[in-house]
Protein chains: 2
Amino acid sequence: MATASIRRRTVIQRVESQGLMQHGGAHPDCNAPPVRYHAPMNAGAKNERVRLSAEDWEDGALALIAEQGVGALAVEALARRLGVTKGSFYWHFRTREALLQAALERWEEYGEREVLGKMELISDPRQRLPELFRRVAHELQPHRVYAALLKALDHPQVVPVMARVSQRRMDFLNAMYREAGLEPVTALHRARLTYAAYVGFLQLNFTLGLPRLSHDEFDAYVEHVIATLTPEKTGN
Amino acid sequence: MATASIRRRTVIQRVESQGLMQHGGAHPDCNAPPVRYHAPMNAGAKNERVRLSAEDWEDGALALIAEQGVGALAVEALARRLGVTKGSFYWHFRTREALLQAALERWEEYGEREVLGKMELISDPRQRLPELFRRVAHELQPHRVYAALLKALDHPQVVPVMARVSQRRMDFLNAMYREAGLEPVTALHRARLTYAAYVGFLQLNFTLGLPRLSHDEFDAYVEHVIATLTPEKTGN
DNA sequence: TGGCAACCATACGCCTGAGTATGTAACTCC
DNA sequence: GGAGTTACATACTCAGGCGTATGGTTGCCA
């Protein structure tokens with residue numbers, strides 16, 4: 001639902017008005033975070049206003065979640081971050097939970113298009129899995145929201161979303177393992193194991209800041225994972 | 001630190017006073033959850049009081065966390081659960097965070113004694129890993145707190161605790177893989193992978209309620225994990 | 001160019017949960 | 001058997017965060 005009707009918006013100038021962390025495009029779907037230059041004092045010629053849309057709020061919410069977790073998603077904080085006040089927010093959303101819901105669905109929809117879409121284009125089934133592992137391993141950015149959501153599984157609203165996403169991805173892995181020659185039950189177990197390893201890795205290395213693998217160590221680790229989780233030649 | 005000086009306490013009667021979930025000994029260290037029968041109305045002969053200790057509060061906190069997550073740890077809620085009021089709490093702890101801290105440290109200390117202690121007694125190094133996997137897989141109860149903490153990694157207080165615990169356990173796995181004949185770097189990677197798979201599994205199956213493996217499926221999965229993550233004979 | 005709708009500001013109400021103040025009951029020990 | 005310590009009750013303050021009310025501003029369109 002909600003076919004992403006991108007509303008136009010007249011941005012003339014963007015200014016980081018408060019001393020918040022530069023968020024540097026935490027979410028790839030978050031194009032040009034709209035921060036507006038508040039007018040009251042200093043009424044220069046260029047102080048144009050930014051009128052926000054619901055999608056802007058959702059993107060802002062995702063960026064905030066990626067940085068500070070779901071718990072930090074408060075409407076006044078987000079409003080400040082976007083350069084407006086609460087009054088604006090409650091025009092777009094009936095409640096805070098409505099925003100969270102919309103943001104999560106937006107993220108979920110984006111994830112399907114992006115993550116699974118790219119993987120269809122690898123021809124050789126045997127080469128798909130290693131390639132998948134390598135690609136996933138090296139795009140850090142999309143994982144930030146995922147990791148943030150993973151460590152916010154307290155919140156009842158994120159659980160169903162994560163459950164759906166995880167299930168779809170495991171189904172995908174399962175299919176690829178069967179294509180690679182594993183027997184049905186083996187493929188299913190291997191898909192579970194693989195995805196569990198992925199999720200666990202995010203937990204251990206993003207949110208806990210364990211020893212902080214260097215770049216080379218990380219590559220070596222990925223190759224090790226490929227070697228042990230990917231079927232070689234024989235369809236065991 | 002804090003050598004667990006067990007204070008005496010005169011429990012005469014325990015009554016579940018409010019309609020909360022029966023917590024059924026969520027934490028093994030939580031012996032006899034003290035719920036007191038409040039006196040005001042109905043002053044029968046048996047209405048004895050329970051005087052709580054700091055350890056009681058910590059155990060209660062852990063039980064509450066295991067059931068409803070770290071976010072649900074509020075002093076008034078916990079006080080109600082224990083059959084007393086806030087006034088009691090602030091005698092034992094200066095603040096809510098102090099309680100959380102104490103509870104986490106208590107859990108950490110318990111985990112070291114229990115989980116790692118039991119594993120020292122398997123003689124054959126080759127048999128240790130499969131046995132470890134099977135044992136860990138089949139004691140569900142101690143994992144509840146762990147899973148709850150895992151999905152509460154939002155909270156800054158739990159991060160260092162989990163980091164320490166995870167590091168220790170991975171070191172332990174690393175040692176066992178080396179004993180089993182793996183080369184140093186391989187053992188390290190394998191330990192990472194194994195522990196990541198463990199953590200990920202908890203996430204996917206406890207907090208998300210994915211398809212809910214049956215008992216047989218679960219056993220089969222565990223054997224699959226052993227087959228793919230455990231070195232066979234040759235020290236590859 | 002007036003008017004409606006989208007968007008935002010300001011000010012307020014209200015509830016939740018942490019922490020404080022102070023008085024009280026029970027246990028201990030001499 | 002009274003004094004001190006331990007443990008708890010009651011009543012309060014205070015801050016944060018959600019949501020509401022209401023009015024102001026901007027943009028679009030007839």
Side-chain angles (χ1 to χ4, degrees), chain A residues 5 7-13 17 34-41 43 46-58 60-61 64 68-101 155 157, chain B residues 5-13 17 34-41 43 47-58 60-61 64 68-101 155 157:
Chain A
S5 65
R7 303 183 190 173
R8 282 280 139 249
R9 153 165 52 93
T10 60
V11 181
I12 307 295
Q13 191 189 26
S17 51
V35 176
R36 97 129 109 174
Y37 191 36
H38 198 185
M41 68 219 75
K46 286 189 184 172
N47 301 340
E48 300 295 332
R49 291 196 149 190
V50 176
R51 291 170 77 88
L52 302 175
S53 69
E55 285 83 9
D56 294 327
W57 283 93
E58 293 166 13
L64 213 171
Q68 303 175 250
V70 175
L73 181 58
V75 319
E76 301 198 63
L78 183 53
R80 270 194 301 277
R81 190 190 170 90
L82 294 177
V84 294
T85 63
K86 284 168 39 168
S88 169
F89 175 85
Y90 285 98
W91 192 89
H92 295 284
F93 298 92
R94 266 192 64 257
T95 165
R96 189 204 102 124
E97 303 203 9
L99 169 67
L100 219 196
Q101 197 62 38
H155 205 293
Q157 284 185 269
Chain B
S5 64
I6 300 157
R7 303 182 189 174
R8 282 281 138 249
R9 152 166 51 94
T10 60
V11 181
I12 307 296
Q13 191 191 24
S17 52
V35 176
R36 99 130 109 174
Y37 190 37
H38 198 186
M41 69 219 74
N47 302 339
E48 299 297 332
R49 293 196 147 191
V50 176
R51 292 172 74 88
L52 301 176
S53 69
E55 284 82 9
D56 294 327
W57 284 93
E58 294 166 14
L64 212 171
Q68 303 175 249
V70 176
L73 181 58
V75 319
E76 301 199 64
L78 183 54
R80 269 194 303 277
R81 189 190 169 92
L82 294 178
V84 295
T85 63
K86 286 170 36 169
S88 168
F89 175 85
Y90 285 99
W91 192 90
H92 295 284
F93 299 92
R94 266 192 63 257
T95 164
R96 189 205 102 121
E97 302 202 9
L99 169 66
L100 219 195
Q101 196 63 37
H155 205 293
Q157 283 184 269

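Computation of the quantities below employed the complete heavy-atom set of this structure, encompassing side-chain atoms and omitting hydrogens, waters and symmetry-equivalent molecules.
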Are the side chains of [Y] and [X] in contact, using a 4.5 Å heavy-atom criterion?
X: A:T85; Y: A:Y90; result: no
X: B:L99; Y: B:F89; result: yes
X: B:L100; Y: B:F93; result: no

Item to check | Nucleotide nearest B:V84 when distance is taken to its side chain, options D:dC8, D:dA7, C:dA9 | outcome: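 From the listed options, D:dC8 comes nearest.
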
How close or far is atom [atom2] of [N] from atom [atom1] of [X], stated in whole angstroms?
X: A:W91; N: C:dA6; atom1: CH2; atom2: P; answer: 5 Å
X: B:E55; N: D:dT6; atom1: CD; atom2: C1'; answer: 14 Å
X: B:F93; N: D:dA7; atom1: CZ; atom2: P; answer: 11 Å
X: B:R51; N: D:dT6; atom1: CZ; atom2: C1'; answer: 5 Å

Checklist entry - Is the shortest side-chain N/O distance from B:H92 to OP1 or OP2 of D:dT6 below 4.0 Å? => result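 B:H92 to D:dT6 OP1/OP2: no side-chain N or O under 4.0 Å.
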
Next on the checklist: I'd like to know if the side chain of A:R80 and the backbone of A:V75 have a donor-acceptor N/O pair within less than 3.5 Å.
Outcome noted: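 Answer holds: no.
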
Item to check | Under the side chain to side chain contact (heavy atoms under 4.5 Å, CB included) test, residues paired with B:A72 that sit two or more places apart | outcome: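 Side chain to side chain contact (heavy atoms under 4.5 Å, CB included) list for B:A72, sorted by chain: B:L64, B:Q68.
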
Checklist entry - By side chain to side chain donor-acceptor pair (under 3.5 Å), which residues pair with B:Q157, not counting sequence neighbours? => result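 Side chain to side chain donor-acceptor pair (under 3.5 Å) list for B:Q157, sorted by chain: B:Q101.
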
Checklist outcome for this item: Quick tally for nucleotides 11-19 of chain C: nucleotides whose base has a protein heavy atom under 4.0 Å get B, sugar-phosphate-only ones S, the rest -, giving -------BB

